[in-house]
Amino acid sequence: MYSVILTELGISVFDDEKLEKAFSFSNPVKEYLLVKNKESKLNELINYLISIQRGVSVSDESLLAILKKNNIDSQIMEDSELERIQASKPQIIVDSGFASNPQDALGKLRDFALGLSSSKVTEVSESPDLHIIQAINSLDEIDKIANALSSRLREWYGLHFPELDNVIDSINGYAQIVMAGKRESLTKQVFEDAGFPESKVEMLSLISTKSRGGDISDVNLAIVQSIAKQILDFHDLRKKLEEHVESEMETIAPNLSAILGTAVGARILGRAGSLKRLASLPASTIQVLGAEKALFRSLKTGSQPPKHGLLFQHAMVHAAPRWQRGKIARAIAAKAVIAARVDVYGEGLNNTLLEKLNVRVDEIGKKYENPTEKDIRRPESFRRDGGNFRDRGGRRDDRGGRRDDRGGRRDDRGGRRDDRGGRRDDRGGRRDDRGGRRDDRGGRRDDRGGRRDDRGGRRDDRGGRRDDRPSSNKNKKRKQFGRR
Amino acid sequence: MTDQVQIKIKRENSLEEDNPSFFWIKSEGQQKLATENLVPGNQVYKEKLIIKKGIEYRLWDPFRSKLAAAIMNELEYFPFENKTKVLYLGASTGTTVSHISDIVGPSGIVFAVEHASRVARDFLDRVAAYRKNIMPILQDARRPKEYFSVFGKVDVVYVDIAQPDQTEIAIDNCEMFLKKGGYFFLVIKTRSIDVTKSPKKIVEEETQKLQSRFEVLQSIDLHPYDKDHAIVIAKFRG
Ligand SMILES: C[S@@+](CC[C@H](N)C(=O)[O-])C[C@H]1O[C@@H](n2cnc3c(N)ncnc32)[C@H](O)[C@@H]1O
């Protein structure tokens, strides 16, 4: 029986040890891969094999598939034979005339290996999921920088117009006002152009006339304004990145995006490394991606394992009562893996995943409507103290209004959850919204301690729990943040 | 066979004393580990190059390479020498691979497997492109059957892939490519297997898995060069 042997440099037909015919590759990397992907035509080889009218044994599964497709009587070689070929590959290459001597064969094999590896590296760096990961990471870094710069801006411009800080939450809005110049030049028009509602415009022009801030020199103002300009530029860039991530995610991972939303989806993707890797992870891992530290700590010390990492940012988790979050995160993670698999291996958007998730989350909401004893007692196990917190803590106290708002927003979001499909259509509005929210969040996320106090408060509203917390303690903490 | 490669690591070994594989070289008042640079002038990880008697040596940093750390910690078996064939899993950016490439020389060969394309790019550009005895294989060590351009059996399999199931992966590779009586180096990153168990226990458990196919020769804690790492050296029964 003839044997057909695939090598990196060509395909050879042997009768026992004797070469019958060799077909060398002119571009080995390319042609070898074509064979491996079963995309090769191999006309010459096929014609030859047809002409000799014999059964052949083949060294490679892909090559076998191509031959079979062409109705050539062929079968895969026995293991012992394959082993022999593997062991004497350089010699086979020489015997086939693909190289002049074993040394030459080695050199050519190495060129092949280098070429193949390089082409793989290039191929991978072109893959869209890696670019999405870079984009979402840039976005998060921009947020960090913009938040830090904005604190500085508030402090510096605050020497001139201290009252503004408490009135304006949005980083972008604040920067736009700074761009208009000194207090005296802040007309109603400026505030309107910055997009504030009428009621706020009134208040702003009122306080700008009554400000107790000091004067600011032109030189100082110019610098402060260039900081503000940077922040505005970052804002634009951020928007672009966000839109880019969104459209890319919907293209390469529509199902994952449907389950997680594009932003959270992209972050999870970033943690996993690639869409393929994500698709191969167990749901339990996805559930806690982003909480690796807490996970390892819990494995080591036996403390409570984390219930969610990045998934905390998911509207469904975030909006749910604390004791339901772990369960909801688990449900989302389970659907997310399936979604990622459909994105990698299947095609198109599969709506039933999201529908099922919605059903499950509603179930959780009903079944665990009330917290159990344990949920109430649970200590704050992941308290974080110290560190470089931003000077936001104090401000948040003044934001009583906002906190009420939040309660409302949360209900809102609950509602939004049902009509997810629709949600995506009116994205424009929502995204602006979100941009704002996320900016806020950046801050909130930094000072966890504060946030939790906050939430403690929220929780009070909810069920009147946590009243037992000494409030003086809370205040002390806030002040400390405030001073930083 | 064992005796052939069993080495005595004498720190006072000077360059003059003939050691075919690696060298102790005086640098900054200390005896330091080095290999003879296969590609003079070529640096891989900003290691120091030293020329003595017209020969260029690259210092081999035990804080950067676990094999060097093992030598520092009284490694007793060193099967890498001129002409050795090595299958190396987890080449990463090629720090250790480059020194092995120095040692095995132009007639030796290192099949270097790495699957992460990010590090592979550095490995290709800085190491494999210059060293003709390296066969880069950008593939997953879990699927040894699909390796391109590996041929024949090797003398040593060196595994440093930091995977929870690395021992199983390594054994599969040895079965396919390690010659009978060949040597097996397994770097155990204890924390990557199970964070809850003690490192010592993990090394023991991983060693257990080798017993049926290998004769375990030595296991070395890499402290203080590397925490939570160990290397196990074994001989393949075939
Ligand atoms: C700890 S590093 C190796 C360091 C290197 N041995 C040295 O001493 O310079 C582990 C490497 O193994 C690679 N790796 C992990 N799993 C692998 C697999 N299944 N196949 C191939 N490479 C893998 C990783 O990408 C990583 O680069």
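Within every chain, numbering begins at 1; the chains are lettered A, B, ... in the order of the sequence lines, protein sequences first and strands thereafter. Everything numeric in this text was worked out from a predicted model, so none of it was measured.
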Distance from [X] atom [atom1] to [Y] atom [atom2], nearest 0.5 Å?
X      : Y      : atom1 : atom2 : answer
B/F148 : A/T7   : CZ    : OG1   : 12.0 Å
A/L106 : B/K132 : CG    : NZ    : 12.5 Å
B/I134 : A/L114 : CD1   : CG    : 9.5 Å
B/F151 : A/I92  : CZ    : CD1   : 12.0 Å

Answer yes or no: are there more than 12 heavy-atom neighbours, outside [X] itself, under 6.0 Å from its atom [atom1]?
X      : atom1 : answer
B/Q43  : CD    : yes
A/K21  : NZ    : no
B/K153 : NZ    : yes
A/E39  : CD    : yes
B/Y45  : OH    : yes

Under 4.5 Å heavy-atom distance to chain B, tell me which part of A/Q86 shows up: side chain, backbone, both or neither.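 Both parts, heavy atoms under 4.5 Å.
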
Heavy-atom contacts under 4.5 Å, residues 115-125 of chain A to chain B: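 Counting heavy atoms that sit under 4.5 Å from chain B, the residues of residues 115-125 of chain A involved are A/L116, A/S117, A/S118, A/K120, A/V121, A/V124, A/S125.
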
Residue among B/S117, B/A116, B/S149, B/S107 with most heavy-atom pairs under 4.5 Å to chain A: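 When all of B/S117, B/A116, B/S149, B/S107 are compared, B/S149 has the most.
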
Between A/A87, A/A113, A/G273, who has the most heavy-atom pairs with chain B when the cutoff is under 4.5 Å?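 Of the options given, most contacts go to A/A113.
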
Answer with side chain, backbone, both or neither: which region of B/F177 has an atom nearer than 4.5 Å to a non-hydrogen atom of chain A?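 Just the side chain, heavy atoms under 4.5 Å.
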
